[in-house]
2 protein chains.
Amino acid sequence: MTNTSASRRDIPDATVARLPVYLRVLRALSGRGVDVVSSNELADAAGVRSAGLRKDLSYLGSYGVRGVGYDVERLSEEITRELGLQSDFAVAIVGMGNLGRALADYRGFATRGFEVRWLIDNDPALTGIHVGALAIVDFDGFRPAADESVIGVIATPPHAAQAAADALVARGVRSILNFASEPLDLPESVAVRKVDLATELQILAFHDQRTRPEPAPLVEVPS
Amino acid sequence: MTNTSASRRDIPDATVARLPVYLRVLRALSGRGVDVVSSNELADAAGVRSAGLRKDLSYLGSYGVRGVGYDVERLSEEITRELGLQSDFAVAIVGMGNLGRALADYRGFATRGFEVRWLIDNDPALTGIHVGALAIVDFDGFRPAADESVIGVIATPPHAAQAAADALVARGVRSILNFASEPLDLPESVAVRKVDLATELQILAFHDQRTRPEPAPLVEVPS
DNA sequence: GGGTGTGAAGTTGTTCACAGCT
DNA sequence: AGCTGTGAACAACTTCACACCC
């Protein structure tokens with residue numbers, strides 16, 4: 001809802017969630033000098049089915065050539081544009097515990113169009129300390145320009161997550177990646193994605209328990 | 001498919017993915033001395049709709065009381081049992097870079113039934129070094145008992161992920177949480193979940209770009 | 001031949017709305 | 001009266017299969 005204004009073309013959420021994966025594969029191919037790829041090869045490398053891949057790409061338009069495949073460069077650009085990644089996004093990480101520091105140093109961001117530009121923590125003992133090339137600031141030191149897009153990453157302890165989110169939103173952040181297990185209560189207009197590590201493990205635990213091979217591989221006694 | 005043996009009751013994947021969230025909320029309620037909760041309150045705290053919550057819980061059986069709500073303790077136990085979390089799971093983290101170290105120290109695991117028991121890295125310069133109470137070992141030092149369930153967490157650089165996964169599986173691991181962006185090629189019998197941080201950011205970028213308020217909200221003079 | 005693009009069918013997940021129990 | 005449990009309607013997503021084009 002709230003979808004009042006024009007929503008360009010309507011790309012399903014499930015598709016949007018896979019576009020970054022395709023993009024990564026395409027860039028790897030491009031780096032290896034490949035310039036045409038079939039839906040089968042691409043799907044394989046991305047871990048999806050080829051029919052699904054073709055359907056996903058069809059939402060962007062027709063960028064493939066029948067009997068041949070997709071132009072790697074062209075498709076790459078198209079997805080980049082669709083995801084809005086032509087210009088770099090700035091990232092602000094809140095919470096400089098272990099996880100926050102690890103994220104601050106994470107190499108994968110820069111290579112995919114994200115620049116970590118602020119490290120925020122309200123603990124006065126931490127402000128001023130450098131992590132990599134950046135100094136930790138408190139929220140007063142976080143003043144993004146009104147026209148720049150900043151993605152906020154919450155890596156605080158659970159009880160501080162809501163306050164961190166509110167502070168980010170108050171300063172114009174409209175997209176948040178939340179590592180705290182606490183669900184955030186925010187305006188509809190703010191996009192939130194959650195990564196809860198313990199939840200992921202629990203989901204795996206469920207499947208593990210369900211596919212346990214034998215009931216109890218005890219004993220081997222004859223008798 | 002491959003669904004040869006009995007699959008107890010059939011709980012939808014989407015429901016399984018939410019059970020851990022409910023469980024966390026229930027435990028928090030329990031800690032605050034609450035002993036009955038309605039689907040509305042629980043749904044609210046978990047960030048879902050009440051009808052959906054009730055449907056989810058209905059897959060576990062009928063543990064609510066009409067006109068009253070759910071017994072917090074009872075439901076907690078039921079979900080715990082269903083997820084297979086009665087006994088602790090052991091976790092092995094592979095790749096002791098920034099992310100691996102952060103995960104090794106992550107407090108959220110222990111409180112949710114997971115014990116990090118192995119820290120693995122094949123770099124000889126790292127083996128023997130302690131991170132918290134555990135020493136880093138190489139794969140030769142990873143010898144879980146045949147009957148214990150271990151969840152493997154891959155926090156290596158992308159190019160090492162497949163080899164790490166293969167090594168885990170060769171030692172009996174059947175559940176893997178993969179932080180590397182590389183998709184893993186593994187037998188069907190191994191459950192894999194992927195957490196790709198850059199992908200999450202890119203999905204947010206898409207939404208951000210799409211909901212940008214005005215073309216250019218300039219002016220207003222600060223100084 | 002080879003591989004894309006896409007309606008149609010099938011599957012899975014969500015929401016509604018109300019019967020039924022306490 | 002209040003709140004759960006659930007069939008039934010609905011919506012989203014996936015897979016199939018084949019027409020169509022190079």
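These values consider heavy atoms only, across backbone and side chains, with no hydrogens, waters or symmetry-generated copies. Below, chains carry the letters A, B, ... as their sequence lines are ordered, and counting in each starts from 1.
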Distance test, side-chain N/O of [X] to OP1/OP2 of [N], below 4.0 Å:
| X | N | answer |
| --- | --- | --- |
| Tyr70(A) | dG2(C) | no |
| Ser62(A) | dG5(C) | yes |
| Ser38(B) | dC3(D) | no |
| Ser39(A) | dT4(C) | yes |

Are Arg81(B) and Glu78(B) close enough for a salt bridge, meaning some N to O gap below 4.0 Å?
-> yes
Among dG5(D), dC13(D), dG13(C), which is the nearest nucleotide to the side chain of Pro12(B)?
-> dG13(C)
Taking only the side-chain heavy atoms of Ser58(A) (C-beta and beyond), determine which of dG5(C), dG13(C), dT14(D) contains the nearest atom.
-> dG5(C)
Do nucleotides 16-22 of chain C as a string where each nucleotide becomes B, S or -: B if the base has a protein heavy atom under 4.0 Å, S if just the sugar-phosphate does, - if no protein is that close.
-> BB-BBBS
Look up atom OG1 in Thr199(B) and atom CZ in Arg112(A), then write down how far apart they are to the nearest 0.5 Å.
-> 4.5 Å
Verify whether one side chain among Asp196(A) and Ser181(A) offers a donor that lies under 3.5 Å from an acceptor in the other.
-> no
Checking all strands, does Asp13(A) fall into the base, sugar-phosphate, or nothing category for heavy-atom contacts under 4.0 angstrom?
-> sugar-phosphate
Starting at OH of Tyr59(B) and ending at P of dT4(D), how long is that distance when rounded to a whole Å?
-> 17 Å
